[in-house]
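Here the structure comes first, spelled out in structure tokens, and everything after it is commentary.
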Amino acid sequence: MSLIIAIDGPSGSGKSTVSKEVARRLGGEYLDTGAMYRAAAWCALRRDINLDDKDAVTEVVKSMDLRMPLDPDNQRFFCEGKDVTDAIRVSSLSRIVSKVAVNLDVRKELIARQQAIVYSADKIVAEGRDITSVVAPDADVKVLLIASEETRLARRAREVRGGDSQAQMEETRAEVSERDAKDSTVASFMDSREGVTTIDSSHMTICEVVDTILGLIPT
Ligand code: ADP
Ligand code: CDP
């Protein structure tokens, strides 16, 4: 029998860390849908497309050759034959990815690719912003992972800038809060929905969050 675990949440709530660990513990696969939006933005920029030209961006994404890694311990992304693992994480790309993600035709294309992966898997943990609502609304376990804004900013600042001093927090705030605001205009993932368990990770360890999610798997 197949098992689908869907996890949504804002930036820095812990989605990727926790999803990878849940996948490891289950011996299953892991899908990072955010990386697909990042790769789409990278691909459009590489082809010199103006990101405001929605039709041109959509055409790029439809023809994009993207290989998604599904092994939680080997997350290397190849787009157009190039290893883009690091390039899709740089701060300048993080700042523009939402521009591509609010394009509904881009979403349609990437959601179709995500569903093809999720529904052909044996056991998979998929994370993003619209997994519980759009990509896999009939998942076996549906989680909204949240944390207070200050906690999420501090985590991101430590991860990306190596510390959570006031300056590092402010730089991170500019990058993350703006993106959260744009993201919430398309994927209303913060609305509470039936069948979705909200987990506030602000005061939980990674291990506690993982155990809580594993405990939600129907027996
Ligand atoms: P997201 O995928 O939601 O953006 P990440 O999984 O990348 O979030 O987590 C951001 C940072 O916060 C990482 O450095 C991660 O190790 C850390 N982190 C995640 N969950 C927790 C937690 N419950 N407690 C402490 N740190 C956490
Ligand atoms: O690393 P972080 O959690 O901040 O973001 P991410 O998961 O890598 O996603 C990057 C961006 O992709 C988000 O800010 C959204 O704009 C977009 N995204 C989306 O629209 N829908 C998803 N299912 C996943 C990501």
Side-chain angles (χ1 to χ4, degrees), residues 6-23 30-42 44 51 61 68 72 75 77 84-91 93-115 117-118 125-137 139 143-164 172-173 175-190 199-213:
I7 302 181
D8 288 328
S11 183
S13 57
K15 298 180 301 297
S16 33
T17 310
V18 160
S19 300
K20 276 186 234 170
E21 186 54 23
V22 171
Y30 161 66
L31 177 65
D32 177 354
T33 61
M36 296 175 84
Y37 289 91
R38 289 171 178 274
W42 177 88
L51 296 187
V61 175
M68 287 300 294
Q75 285 287 300
F77 298 88
V84 297
T85 312
D86 298 326
I88 62 172
R89 303 284 165 199
V90 299
S91 172
L93 196 122
S94 297
R95 282 171 191 262
I96 53 109
V97 61
S98 297
K99 217 173 197 176
V100 171
V102 296
N103 178 332
L104 294 182
D105 292 322
V106 165
R107 298 196 75 79
K108 205 168 154 192
E109 169 65 23
L110 294 186
I111 288 165
R113 293 191 193 197
Q114 290 157 10
Q115 289 178 326
I117 294 171
V118 166
V125 184
E127 55 104 343
R129 303 291 192 284
D130 58 352
I131 314 302
T132 62
S133 56
V134 180
V135 177
V143 169
L144 173 61
L145 187 59
I146 59 170
S148 71
E149 187 173 15
E150 291 309 297
T151 301
R152 296 190 290 109
L153 285 176
R155 286 180 186 165
R156 252 297 114 79
R158 285 196 290 267
E159 186 184 26
V160 178
R161 299 194 163 77
D164 55 8
T172 311
R173 193 186 304 277
E175 189 181 300
V176 170
S177 303
E178 205 177 295
R179 184 147 58 91
D180 277 350
K182 271 210 192 91
D183 288 345
S184 63
T185 63
V186 270
S188 52
F189 59 89
M190 294 300 282
I199 300 175
D200 184 343
S201 74
S202 306
H203 305 290
M204 291 171 81
T205 64
I206 292 168
C207 194
E208 283 169 340
V209 179
V210 169
D211 287 339
T212 304
I213 294 172

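As a basis for the values below, the full set of heavy atoms in this structure was taken, side chains included, without hydrogen atoms, waters or symmetry mates. All ligand and atom numbering here is 1-based and tracks the order in the structure.
Of the options Glu159, Arg155, Met204, the smallest heavy-atom separation from atom 12 (O) of ligand 1 is shown by Arg155. Closest to atom 7 (O) of ligand 1 by heavy atom, among Arg158, Arg156, Lys20, Arg129, is Arg156.
Thr17 OG1, 3.9 Å is the protein heavy atom nearest to atom 16 (O) of ligand 1. What sits closest to atom 2 (O) of ligand 1 on the protein, heavy atoms only, is Ser16 OG, 2.6 Å.
Atom-to-atom distance recorded for Gln114:CD and Met36:CE is 4.5 Å, nearest 0.5 angstrom. A distance of 9.0 Å separates CD in Glu127 from CG in Asp8, rounded to the nearest 0.5 Å.
Close approach of ligand 1 to Gly14 is summarised as follows: ligand atoms under 4.0 Å from at least one heavy atom of the residue are 1 (P), 3 (O), 5 (P), 6 (O), 8 (O), 9 (O), 19 (C), 20 (N). Remark: ligand 2 atoms within the under-4.0 Å shell around heavy atoms of Gly128 are 23 (N), 24 (C).
In summary, the side chains of Arg38 and Ser94 do present a donor paired with an acceptor at a separation below 3.5 Å, with no hydrogens or angles considered. Side-chain polar atoms of Ser201 and Arg155 form a donor-acceptor pair below 3.5 angstrom.
Between Arg156 and ligand 2 there is a heavy-atom distance shorter than 4.0 Å. Within the 4.0 Å heavy-atom cutoff, Met36 does not count among the residues contacting ligand 2. Residue contact check for ligand 1: Pro10 places a non-hydrogen atom closer than 4.0 Å to it.
Note: an N/O pair closer than 3.5 Å links Ser13 and ligand 1 by distance alone. In terms of polar-atom proximity, Val18 is not counted as a contact of ligand 1, lacking any N or O under 3.5 Å from an N or O of the ligand. Taking only nitrogen or oxygen atoms, main chain and side chain alike, Glu127 does not reach within less than 3.5 Å of ligand 1.
Smallest separation of non-hydrogen atoms from Arg179 and Ser98: CG-OG, 3.1 Å.
By the criterion of a heavy-atom distance under 4.0 Å, both the backbone and the side chain of Ser11 are placed next to ligand 2.
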